[in-house]
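Report on one structure; see the data block that follows.
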Amino acid sequence: MSVRAPQVVSVAPGSPAALAGVVAGDEIARVDGQVPRDVIEWQMLTDEADVDLDVVRGGIDLELTVPKRAGEPLGVEVQSAVFDRVRTCDNHCEFCFIYQLPKGMRRSLYLKDDDYRLSFLYGNFTTLTRFTEADLERVVTERLSPLHVSIHATDHDVRNRMLKNARGGMSLRWLRALLDHGIEVRGQVVVCPGVNDGDVLDRTLAGVLDRFPELASVAVVPLGLSRFNTEPAMRLHTPDEAHRVVDVVESWQDTFLAVLGRRMVFAADEYYLMTGRPFPPADHYEGFPMHEDGIGMARTFELEFSGAAETPTGTRSGFFAAVDLPPNPAAYTGLRAAHDSHDGCAASAGSSSGGSIAGVALLPRRSAPVGVLTGTFGAKVVGPLVEQLGRDDVRVIAVDNQFFGGNTGVTGLLTGTDLQRVLSEQPASHRYLLPDVCLSDDGRFLDGLTVTDLPRPVEVVATDGITLRRALEPAS
Ligand code: SF4
């Protein structure tokens, strides 16, 4: 497979790379004589002391030596996480959200990745249908853990059917192999009503206990459905079906707790919102291992907003904590909320110091009435919290997602088009807080618009309860 040399996007001032003469735009053909395939290998190679770089600058080959200590950050941000080709999936899942996108969106959003490296780096889910012996060896040797694996069903035929891939059922042997080698794996079941819910879900969780009890956790999430869906078998849950999912999950939590000493399986927040059932207590979530997948977000937001939690949950850690300047994940994660179907109840806000501001010149004063923008699911969580403040100068504005339609009520799927519609009907002199979860790293909504396209200035703020509380504090 051809490997594109990583391109330098920026160099940290005063870093070893800067002092050695590396500049933005350089292509790094080799590091210590080796061609890195991805940012994982890049990190390992550049972690060494005194790194030799083969650089291509404007078509001219250069050799640079970067004096540094082992473990000292090189100080270089590269353009992409994967330098050879991202491995795409060979499945054709009827519930795939990528098939439910309208035409004309950013090309990267149509990328159907099924790459264990992106699973390790960004928490993307992989089905393992393209996983190989060589991949297993690398994962085990380099301890690429945790990985995130889509299970959907442990029944061979149901999994084949859901992935529309004759290797679907068989590929779960790789999950067994990963667990045998001590790799931490977080599983996911996307529930499609009439396909893998009810008794099938029951059997799937029995299969998890029987064949994969070492799984770190299993997230049970509803399929995401947009108005562009063309698969007749894909539909929304009925209320009874949603209740049954929660019943099955909670019943299996008891079994897992009794047998394994932990609950292991969790239903997405959306199921509790769909059914109107109370969210489980915070301690049931066992540390919120699947927070980024929409499991327990309502509870963490509540803890953060009330002041019971001192730090936000869900801050990315692990591999990127060790990388001096992380690559831009936007190309691979721009649609994660859609692909995984859930960012749960994310709503947000922030402090004047924590967020970035669009339209600074026109920004209303801090004491102005505040509108907290969020998706329709987020509003069900944030609304009651804001109400408890007893303030008539703060309101939650639920933005109906008409761009995607269907059941796309999660905040991460909010588009600029819908925000334009809603904001144009809101008073001009108010403050508007916009959760950063609906923007990619380069500041774009899924429909390609930016905050500068909105009819009101907005404060883009972190998506957690602590920042919302601080953003709502009166001006001192
Ligand atoms: S849902 Fe995932 S595995 Fe299925 S077709 Fe889409 S990208 Fe591939």
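In listed order, ligands and their atoms are each counted from 1.
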*Give the atoms of ligand 1, by number and element, whose distance to some non-hydrogen atom of T127 is under 4.0 Å.*
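Listed by number with element, the hits are 3 (S).
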
_As an exercise, identify every atom of ligand 1 less than 4.0 angstrom from a heavy atom of C89._
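Close to C89: 3 (S), 5 (S), 7 (S), 8 (Fe).
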
*Determine, using ring centers only, whether H152 and F95 are less than 6.0 Å apart.*
yes

_Aromatic contact between F120 and H148, with the criterion being ring centroids under 6.0 Å apart: yes or no?_
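No.
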
_Does anything in residues 173-182 form a side-chain hydrogen bond (donor to acceptor under 3.5 Å, both in side chains)? List the pairs, not counting sequence neighbours._
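Passing the test, one end in residues 173-182: R176-D180, R176-E214.
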
*N/O/S of C96 less than 2.8 Å from atom 6 (Fe) of ligand 1?*
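True for C96.
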
*asked:* Measuring from non-hydrogen atoms of D114 to any atom of ligand 1, is the shortest distance under 4.0 Å?
replied: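 It does not; every heavy atom stays at 4.0 Å or beyond.
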
_Restricting to non-hydrogen atoms, name the atom on T126 and the atom on D114 that form the minimum distance, rounded to 0.1 Å._
OG1-OD1, 2.6 Å

